Every structure is written in C-alpha cells, then in structure tokens.
Amino acid sequence: MFDLFFQFLTNTGYYLADYRHYIMIVVGSTFLYLGTAKKYEPLLLVPIGFGILVGNIPFFKGFGIGIYEANSVLHYLYFGVTTGVYPSIVFLGLGAMTDFSSLLAQPKLMLLGAAAQMGIYFTLLGALFFGFAPREAASIAIIGGADGPTSIFLTAKLAPHLIGPIAIAAYSYMALIPVIQPPIMRLLTTRKERLIKMPPARKVSKKELMIFPVAGVLLCCFLAPTALPLLGMLFLGNFLKECGVVNRLANTAQSAIVDTATIFLGFTVGCSTQADVFLTPKSLGIFFLGAVAFSIATASGLIFAKIMNLFLKDKINPLLGAAGVSAVPGSAREVHLMGLKEDPTNFLLMHGMACNSSGVIGSAICAGILWSFFV
Amino acid sequence: MIGIENITNHNGWAMAAVGATIVFSGLVVLSFVISQIHKLLKLWEDREKLIDRFKKKAPPAVAEKVDAPAYSERHLPSVDELTGAYKPLVDQLEESFKISQLFEIANKNDMPHPHLSIQRLQEADILVAQGDGTFTWNQPKGK
C-alpha cells in the first residue's frame, strides 16, 4: 500500500517540479496580474498567462499530456499555431473590426506605418550579429512589427522551435506599450512638435471603403504572395464588413471567430512555454532583441515623421510615428494620451489608428518578404 | 560565428536593405493608390458630364433637354428671375465666356443650384453657345 502511495507521490507535480517550473509559474501569474489588475491587453495576457500556468505543471513524460507530445490534446490544439491557422483567423477578425476610413482620409500617414517597419530590419541585423541562424534572426526581427499573430505566423514557418519565446516576447511588449513607448516619444520630440494639431479628416465614402480591401489585397499580395494567409484574410474580413450585404458573416468574424482563435492561440502559446524548452539563454537573447526591435520601430516612426515635416506644408504631429507599429490599438491610444497630456484639446486617436492600421499591413508584408527570402 | 562576419556570411545586409526597400515602396504605392480612389470615384460619378463635354453638344441637342425632370422646375426661380440674378455676374465676364467661368463666379456668390440655373438659362436661349466652347449672353450687356 505504501509502495503504491509513494509511487503516486513520485508522479505528482510537487515531486517532479524544479526551480524552472516555479519561475515560469511566477511569470504566468505576473501575466495574469498585468492582464486583470492593470488591464494591460487582457484579451491576450489572460489566456497566455493561464496557458503558462498549465504548460508548466510538471508531468510524467510519455503519457501524451504535454503540448510537445504527439497525440496529446494540447498538441492538437497547438496545431493551429504551428501551421499558422490561428494567426490567419485572427487577421480575418481584425479585418472585420478595422475601420480604414482614417487611413483613406490621410494616405500620407501610411508612410509612418512603413517607416516603423525599419525596426524589423535593424533587428534582423542585430540577431545575426549575436549569432542567431538566419531563419531564427528573421523570426526574432518580426517582433519589431509589434504584431503577435504575425510574429507567430512567421516563426511557425521559419523557426518553429522558437514560437514560445517569440510569441511571449511579442505579446509582452505589446502589453508593455504604456511603459516602453512614452519615454521614447518624449525623448525624440519637442513640446512644440507634440502640440501640433492634425486637421480633421475628410469624410470617406462607402464606395472608397469597399474598394480599399480589393485594391489592398491585389497590390500587397502581388508584391509579397507569401503574406497571402495574413493579408488575404485581413482584407477579406474588411470587405465583409464594408460591403454591407453579409453583416451576419462580418459580425461572426469580428466576435465568435476571432474570440475563439484568440483563446486557443493565447492558451496554446502560453502552454508552449514549458520550462525545459523555454528557459534557455536563447530566450533571454530573444527578449533582449525583442525590446530593441520594438524600441527601434517606435523611434523609426517618430524620426520619419520629423523628416516628413521638413517637406510638408501642413505639418504632422510626429508622435503619430510611434503609432506606426502594428499594436492595434495600444500604440494609437498611447499617442493620443500623450497628445492630450500636452494639450487637452489635441485629439490624435483617429490619426493614430490610421498609422496603426498601415502598420498591420506593413508588418504582414514584412513577414511575407522575410519568409520569401528563405523559400 | 557572431558579429559582422555572421551578418555578411548570411547575406544579412542585402536582406535588410532589400526587405526595407520592398516594404517601403509597397506601402508608398498603396498610399498613392488609396489617395486616388476618391478622385477616380468622382470621375466615375461625373462621367456623363465628362462625356457631354467631350461630345461638345450642339445647341439643338441642348434644346432637347427642355424636357428636364419636373423636380428641377419646381425648385428653381423663373427664367426672368434667373436672368435678373445672373446678369450682374455675366457683366463681370468678357463678352464670350466659358460656362465653367460662370459656374465659378456663381459659386463664389453662393447662388443656389448654379448647375440647374445655368442649364435653364441655356434652355431659354439666354446663354447662347458660340460653337467654340464659349457662350454669350443674348441680351445686350448693361440692359
């Protein structure tokens, strides 16, 4: 009887756990705290945080329980991540939720979304500099796009063994926008620049909104066909929303479908951070480079906005450059708040959303380009 | 292998430069295209007017338009009232003028329904086409 009891004890998580599991459980709990108490991107951090807890409960290997074990339930759920299915579905919902009217009203703001992608390429060089393999470097670099689904999609294609750390880094930095971006914004802009008011956007017609996703998918996907799974779905979702004849589909895409994908994506990515796989020196390097990527992306957008102002008659508020990263709507909100802090009558949210949505398109194109370099 | 050597060996410089150039030029093209959408739509919506301009309709063809929809008749002043209102504007133009000049000056003076009013003046032969794209006022100026 005692033998059976001791055998049972040796199979429990308490017996099998080592310090790495506890570290990861602290990380997961921190995510849950940030998501619930601080309300930092709760839709992402809550499922990921809980996934980290679940993924780091020690178990006896070989029972088909863990996410990396063939035929386990978690493994099947993780299939949507490793094949890039969940990111595509998230993009469908994102398209159905996004209003591109502010971008259509001010197309020049799209250039800020392009400029912010420079963080990706600087980080590509940085990751290669630190000795990462080219495919790993490309996957790390895409963190600079500040787009979780895009990062997961590209990593699943190029360096699947790094999905955990890269997804966690990407989502962490997205959640930490209120901490990371404001100091960079203050550092690179003067008060006078932060006070620049943007003119009200012109009214965009329904026909324009309908033509945009068609023109967008044709132009972008002809340029980078490898971005099709992301941009094809993004523009499909947007067309469903704007065409006005399939409201049922658009409503489902922007609610039930994207919510389901977000739950499974977040949860399985969290589960994939099993301590023995996740806690490696490489992960630390990825976190460091991710922070660099995100900061350079923010700075690139800000600096490019200042350069544009040298040539423009109607100056743009350079803070908008920080919204060129594709963290929707976090970075636009941060730009708006900083604008309000300087002048309570300066509303930058809609202009920031224009940069944000172009950032989403830009980072998906970047993912396609990077993938095509290794095809 | 680490450092600059690793970047060079894996073609990192080229990847970064080409990638950045492609994404930037792609978004520049997209922004240009979306900046033109509303202009193209406006052209499409005004296509009949454009076609008419290219056809350079002769006066009889304009005269056929007398059977304009009733709604325009109900809301517009009479030809005499329109003549009185538009005469001072025409006096500011040269003897023969383009319709676009009259539109412009009518808009500047906040004249209501300038398109319909000018069309009615044409139909009433107050504005007479000269056949070279210009029009004249068929009453002596200053009358």
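Source: prediction; values computed, not measured. We name chains A, B, ... by the order of the sequence lines, and we start the count at 1 in each one.
Using a 4.5 Å cut-off between heavy atoms, A:F100 does not touch chain B at all. Contacts of B:L41 with chain A are made by side-chain atoms alone, with heavy-atom separations under 4.5 Å and no backbone atom involved. The parts of A:L125 that come within reach of chain B are both its backbone and its side chain, each placing non-hydrogen atoms under 4.5 angstrom from that chain. Proximity to chain A involves both the backbone and the side chain of B:V28, based on heavy atoms less than 4.5 angstrom apart. Heavy atoms closer than 4.5 Å to chain A are found nowhere in B:Q36, neither backbone nor side chain. Using a 4.5 Å cut-off between heavy atoms, A:L103 contacts chain B through both its backbone and its side chain. Both the backbone and the side chain of A:L111 come within less than 4.5 Å of a heavy atom of chain B. Contact annotation for A:S358: only backbone heavy atoms (N, CA, C, O) come within less than 4.5 Å of a heavy atom of chain B.
Here CD1 of B:I22 is found 5.0 Å from CD1 of A:I369. Values are rounded to the nearest 0.5 Å. Remark: B:L30 CG to A:L223 CG distance equals 10.0 Å, nearest 0.5 Å. Interatomic distance, A:Q106 CD to B:I34 CD1, rounded to the nearest 0.5 Å: 10.5 Å. The distance from atom NZ of B:K42 to atom OG of A:S205, rounded to the nearest 0.5 Å, is 12.0 Å. The structure places CG of A:L112 at 10.5 Å from OG of B:S31, a figure rounded to the nearest 0.5 Å.
Without hydrogens or angle criteria, B:N6 side chain to A:L128 main chain gives a donor-acceptor distance under 3.5 Å.
Counting only heavy atoms from C-beta outward, the side chains of B:L27 and A:I361 approach each other to under 4.5 Å. Residues A:F130 and B:I2 form no side-chain contact, since every pair of their non-hydrogen atoms from C-beta on lies 4.5 Å or further apart. Side-chain contact between A:M118 and B:V23 is present, with at least one heavy-atom pair separated by less than 4.5 Å. Contact check for B:M15 versus A:F374: side-chain heavy atoms found under the 4.5 Å cut-off.
B:K98 NZ: 12 or fewer foreign heavy atoms inside a 6.0 Å radius.
Nearest heavy-atom pair across B:H10 and A:P134 is CD2-CG, 3.2 Å.
The candidate from B:G26, B:S35, B:G19, B:G12 with the greatest count of non-hydrogen atom pairs under 4.5 Å with chain A is B:G19. The choice from A:F129, A:F132, A:F122, A:F212 that makes the most heavy-atom pairs within less than 4.5 Å of chain B is A:F129.
Ring-centre distance between A:Y121 and B:F24: not below the 6.0 Å cut-off.
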* To do: Under the side-chain contact (heavy atoms from CB on, under 4.5 Å) rule, what do A:F373 and B:V18 come out as? Steps first, then yes or no, please.
  => CA-CA 10 Å; A:F373 284 159; B:V18 172; 4.1 Å; yes
* Worked verdict on B:H38 versus A:K207 for side-chain contact (heavy atoms from CB on, under 4.5 Å) -> CA-CA 9 Å; B:H38 70 284; A:K207 281 180 190 164; over 6 Å; no
